[in-house]
Amino acid sequence: VQRFAGLSIRHDPTSGWALLGSILAMLGLSLSLFVPRRRVFVRVVRDDEGTRTVVDVGALARGEDSHLDDEVRRVLDALGVDRPELSSDRKAV
Amino acid sequence: MDVNETLAGYSNLLLYSSMAVYAGAFLSFTMDLAGGTQRMAVEREARRLAEVREAVPVGAAVSGGASSTLPDGPTESIEAAGPIPGLPRRKAASIAVSLTVLALLLHLASVVLRGISVDRAPWGNMFEFSTAGASVVTLVFLLSLRWRDLRYLGTFVIGPVLLTLGLAVTVLYTAAAQLAPSLKSYWLAIHVTVAFIATALFTLAFSATVLYLVQDWRERRRAEGGTVGMSFMEALPSSRELDQAAYRVHALGFPLWTFTLVAGAIWAENAWGRYWGWDPKEVWTLVAWVVYAGYLHARATRGWEGRKAAWIALVGYGCVLFNFLGVNIFFVGMHSYAGVG
């Protein structure tokens, strides 16, 4: 057999874009998995006698969110609410 | 190109030794589990007493975090549970953990020696992949003990690890050898490492899902007033907690699995000149990815919790297992480097 060499040369100009795309896709995926989506509502009203200020804080999660309570507590702390009454009705919405 | 046979031999001996120690650890974990129900009753009582003590405001300094004194939802009760004084020590469990640490050291030494003997990352074939992967599972389990007392799960972690090692040394065993030239690349370290971290996480999530289903079944039976067996399950967290733990571990494993897929495509482009060739391994990795994506979607956007989602997760793990074992045994493809079948 005569000696020979086989060469295969390829050039793919799109590989950089493919890499960029896949990195962005993975970044987006991680964000969607690890950033909780929450809505937090705060309502401030005078009570009936008009002597006290009543602050209601509510939070709504998209899907499940086991740290929703902490979020509410953080808001309460930030507002400086004393003697909060906490209740939770855990329901996925 | 050469292989250091002496080191490879020592590596195998270390692996057998670690299996013996694992067997001891497995027995101890089982004994601990067997004594679990009785202890749970004692523990519950002690916890109740501790709570009563905390609730009394006079003088008593509260040592736990402030969160434990707030009225709270159902999830906090177990997470806040620290060690409670006055409980019997779990001797069998302590022995089991010590044995597991020893076994893991032997196991890791075996993996490292194998790597040195062939002068590459020691996960180039199925034997190496399963031994190295099993060590990751044990490592993750031991690390998770620092975060929470999961020693009750020991039986369900060390048992499968032992089974995997047994399978590795009997069915999957491959003598130390070099890789096919096209696969020699640093991508071996990247792609395969992430692949088995993801697999280890999915395995843990799978265990949690199975335990969740059992716990859920027991809770429903009890609510109906029926009798339930498997009293050791008392020792485990509630079904809700197991469900959430399973979800979190899945959510952690999924991006890693995605990365495995992407890194695999990059390596494929590098080694074989195309990103995607519908190779059986590629296809089944994608299938598992799609199923797990379905699981996460069902939970995140449809609000599926509990049983319905759990079944999808089980199917996903089935695909992972088939991808790992079935594909290599039944199909011929670019990934059939295993020397099996």
Side-chain angles (χ1 to χ4, degrees), chain A residues 5-39 57-77 80-93, chain B residues 65-67 69-76 78-80 182 194 240-276 289 292-293 295-306 308-309:
Chain A
L7 295 177
S8 135
I9 297 166
R10 295 178 67 255
H11 173 63
D12 184 354
T14 62
S15 62
W17 292 104
L19 182 68
L20 183 71
S22 52
I23 289 173
L24 286 177
M26 274 190 291
L27 216 65
L29 175 72
S30 307
L31 284 180
S32 74
L33 280 174
F34 298 117
V35 177
R37 287 161 292 169
R38 295 172 179 150
R39 276 177 283 172
V57 178
L60 197 61
R62 182 112 170 82
E64 53 202 298
D65 190 341
S66 52
H67 292 293
L68 200 63
D69 296 5
D70 300 338
E71 182 74 57
V72 171
R73 214 163 282 145
R74 253 200 309 279
V75 172
L76 286 171
D77 282 347
V81 176
D82 53 341
R83 287 176 289 114
E85 290 167 29
L86 299 174
S87 72
S88 70
D89 173 22
R90 295 156 168 285
K91 234 181 217 165
V93 182
Chain B
S67 63
T69 54
L70 285 171
D72 199 10
T75 54
E76 202 97 7
I78 299 208
E79 271 175 69
S182 69
V194 178
R240 190 186 162 79
E241 273 196 290
L242 284 170
D243 188 37
Q244 293 214 329
Y247 172 68
R248 280 186 211 150
V249 180
H250 275 123
L252 208 60
F254 189 71
L256 293 176
W257 191 256
T258 312
F259 180 81
T260 306
L261 211 53
V262 172
I266 295 174
W267 190 7
E269 159 72 12
N270 207 312
W272 302 319
R274 82 285 184 288
Y275 293 114
W276 191 264
W289 187 87
Y292 279 121
Y295 167 80
L296 292 174
H297 261 289
R299 295 195 75 128
T301 60
R302 302 299 316 151
W304 279 24
E305 285 197 20
K308 278 192 287 184

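Note on naming: letters A, B, ... go to the chains in the order of the sequence lines (proteins, then strands), and numbering restarts at 1 for each one. Heavy-atom basis, side chains included; hydrogens, waters and symmetry copies ignored.
- Interface residue Leu19(A): only side-chain heavy atoms are found under 4.5 Å from chain B.
- Residue Tyr275(B) touches chain A through its side chain alone, counting heavy-atom pairs closer than 4.5 Å.
- Contact annotation for Ser8(A): neither backbone nor side-chain heavy atoms come within less than 4.5 Å of a heavy atom of chain B.
- Only the side chain of Ile266(B) comes within less than 4.5 Å of a heavy atom in chain A; its backbone stays farther off.
- Phe34(A) and Pro255(B) make their closest contact through CE1-CG, 3.9 Å (heavy atoms, listed as atom of the first residue, atom of the second, distance).
- If you measure heavy-atom distances from Ala25(A) to chain B, you find no contacts under 4.5 Å at all.
- Checked against ring pair (Phe, Tyr, Trp, His ring centres under 6.0 Å), Phe254(B) has the following partners two or more places apart in sequence or in another chain: Trp289(B).
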